[in-house]
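Ligands are counted one by one from 1 in listed order, and the atoms in each one are counted from 1 as well.
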Amino acid sequence: MLNHDIDDILVSETEIAGIVKTLASEITQDYKHKKPLVVGLLKGCIPFISDLLKELDFFLEVDFMDVSSYHGGVESTGDVKINKDLGTAVKGRHVILAEDIVDSGQTIQAIRSMLLYRGAQTVKVVTLLDKPKGRVVQLQPDYIGTTIPDAFVVGYGLDYKELYRNLPYVGTLKPAIYETESEE
Ligand code: PRP
């Protein structure tokens with residue numbers, strides 16, 4: 001059903017599985033003795049963080065923040081809103097921020113600065129998708145799954161008007177979906 005709305009599959013299920021394993025092995029090398037706090041930024045991070053955590057074989061803690069910047073549309077507003085904050089103190093901790101996508105970079109920049117201000121020892125960013133063409137701030141994620149072109153993508157956590165997050169792959173929507181929506 002959901003598949004009918006998809007134009008192109010940009011990152012397949014099999015590709016995602018390979019990417020997650022590669023990222024996990026890099027992160028394991030860097031963090032296996034650091035007991036980091038892995039922070040997922042809801043809601044987009046859910047499939048990615050859940051797959052990634054299962055591949056990380058060392059001591060770590062997990063927490064979540066609910067942050068949003070798109071507010072339902074297809075472009076980032078730059079206005080980063082914290083809907084739910086962390087329940088864990090970050091002072092002195094090594095923090096890994098887990099994202100589904102870094103686009104304009106504003107979400108990660110805002111959260112990263114906030115956690116450093118709260119006293120985190122280090123804050124690094126792992127993202128499944130990097131869209132450097134969307135960047136409006138200077139920010140390079142520390143661990144990048146794959147780089148994608150400047151297209152609006154959905155699936156594997158990413159939504160359009162809160163839908164499509166449950167697709168097992170990342171793809172582009174058929175333009176007709178936006179056109180129908182804008183006529184409503
Ligand atoms: C998306 C995505 C990232 C952010 C990236 O979240 O999950 O958190 O936007 O965009 P940026 O680099 O331009 O800041 P969104 O705000 O749509 O919330 P969601 O995770 O609940 O979908």
Side-chain angles (χ1 to χ4, degrees), residues 2 5-6 9-11 13 15-16 19-20 23-24 27 36-53 62-88 90 95-118 120 123-173 177-178 181-182:
L2 289 180
D5 292 357
I6 301 302
I9 294 181
L10 290 192
V11 196
E13 228 179 315
E15 285 168 329
I16 290 172
I19 288 168
V20 167
L23 289 173
I27 293 170
L37 174 66
V38 181
V39 172
L41 299 188
L42 296 167
K43 303 172 220 170
C45 74
I46 292 172
F48 175 52
I49 198 169
S50 132
D51 286 346
L52 183 69
L53 287 172
V62 186
D63 203 346
F64 294 91
M65 290 179 84
D66 184 4
V67 174
S68 55
S69 64
Y70 281 68
H71 310 310
V74 296
E75 276 178 35
S76 175
T77 58
D79 167 24
V80 179
K81 186 169 164 236
I82 298 177
N83 305 313
K84 178 212 170 285
D85 206 339
L86 290 175
T88 313
V90 296
V95 178
I96 304 171
L97 286 174
E99 267 286 29
D100 49 343
I101 186 167
V102 176
D103 187 353
S104 73
Q106 292 172 112
T107 304
I108 278 298
Q109 192 186 53
I111 302 305
R112 192 174 171 276
S113 304
M114 197 191 76
L115 297 181
L116 287 170
Y117 178 78
R118 289 180 183 178
V123 180
K124 287 198 177 181
V125 177
V126 55
T127 186
L128 175 75
L129 307 174
D130 185 27
K131 196 200 281 186
K133 287 258 166 66
R135 215 65 108 245
V136 301
V137 294
Q138 260 208 328
L139 185 137
Q140 172 77 355
D142 303 278
Y143 306 92
I144 295 169
T146 187
T147 300
I148 58 163
D150 193 14
F152 184 72
V153 291
V154 296
Y156 199 69
L158 292 124
D159 73 304
Y160 174 59
K161 298 198 171 178
E162 295 302 325
L163 301 176
Y164 305 101
R165 294 190 197 272
N166 51 322
L167 277 170
Y169 55 79
V170 174
T172 52
L173 274 181
I177 306 296
Y178 306 120
E181 293 284 344
S182 59

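Contact annotation for Leu42 and ligand 1: only backbone heavy atoms (N, CA, C, O) come within less than 4.0 Å of the ligand. Only the backbone of Val67 comes within 4.0 Å of ligand 1, counting heavy atoms alone; no side-chain atom from C-beta on gets that close. Residue contacts with ligand 1 for Thr107 involve both N, CA, C or O and side-chain atoms from C-beta outward (heavy atoms, distance under 4.0 Å).
The ligand atoms of ligand 1 that sit less than 4.0 angstrom from a heavy atom of Ser104 are 11 (P), 12 (O), 13 (O), 14 (O). Within ligand 1, the atoms closer than 4.0 Å to a non-hydrogen atom of Asp159 are 22 (O), numbered from 1 in the order shown. Taking every non-hydrogen atom of Gln106 and a distance limit under 4.0 Å, the qualifying atoms of ligand 1 come out as 12 (O), 14 (O). Using a 4.0 Å cut-off to heavy atoms of Asp103, the atoms of ligand 1 that qualify are 10 (O), 11 (P), 12 (O), 13 (O).
Closest heavy-atom approach to atom 12 (O) of ligand 1 among the candidates Gly40, Cys45, Gly105, Gly44: Gly105. With distances taken over non-hydrogen atoms, the option nearest atom 5 (C) of ligand 1 out of Asn83, Leu97, Ile101 is Ile101.
The shortest distance between side-chain heavy atoms of Leu97 and Lys124 does not fall below 4.5 Å. Tyr156 has its side chain out of reach of Leu129: every pair of non-hydrogen atoms, C-beta onward, lies at least 4.5 Å apart. Using a 4.5 Å heavy-atom threshold, the side chains of Asp5 and Tyr160 count as separate. Looking only at side-chain heavy atoms (C-beta outward), Leu42 and Val67 stay at 4.5 Å or farther from each other.
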Identify every side-chain donor-acceptor pair in residues 137-151 under 3.5 Å, counting partners at least two apart or on other chains, and give the distances.
{"unit_1": "Asp142", "atom_1": "OD2", "unit_2": "Val125", "atom_2": "N", "d": "2.8"}
{"unit_1": "Tyr143", "atom_1": "OH", "unit_2": "Asp30", "atom_2": "OD2", "d": "2.5"}

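Where the criterion is an N or O separation shorter than 3.5 Å, residue side chain and backbone included, Ile108 fails it with respect to ligand 1. Backbone and side-chain nitrogen or oxygen atoms of Leu41 are examined, and none is located within less than 3.5 angstrom of a nitrogen or oxygen of ligand 1.
For the side chain to side chain donor-acceptor pair (under 3.5 Å) test, no residue two or more places apart in sequence or in another chain qualifies with Glu13.
At a threshold of 4.0 Å, the pair Asp100-Lys43 does not count as salt-bridged, since none of the basic side-chain nitrogens sits closer than that to a carboxylate oxygen.
Using 4.0 Å as the threshold, Glu162 has no heavy atom nearer than that to any atom of ligand 1.
A donor-acceptor pair is defined here as one N or O able to donate and one able to accept, closer than 3.5 Å; such a pair exists between the side chain of Lys84 and the backbone of Phe64.
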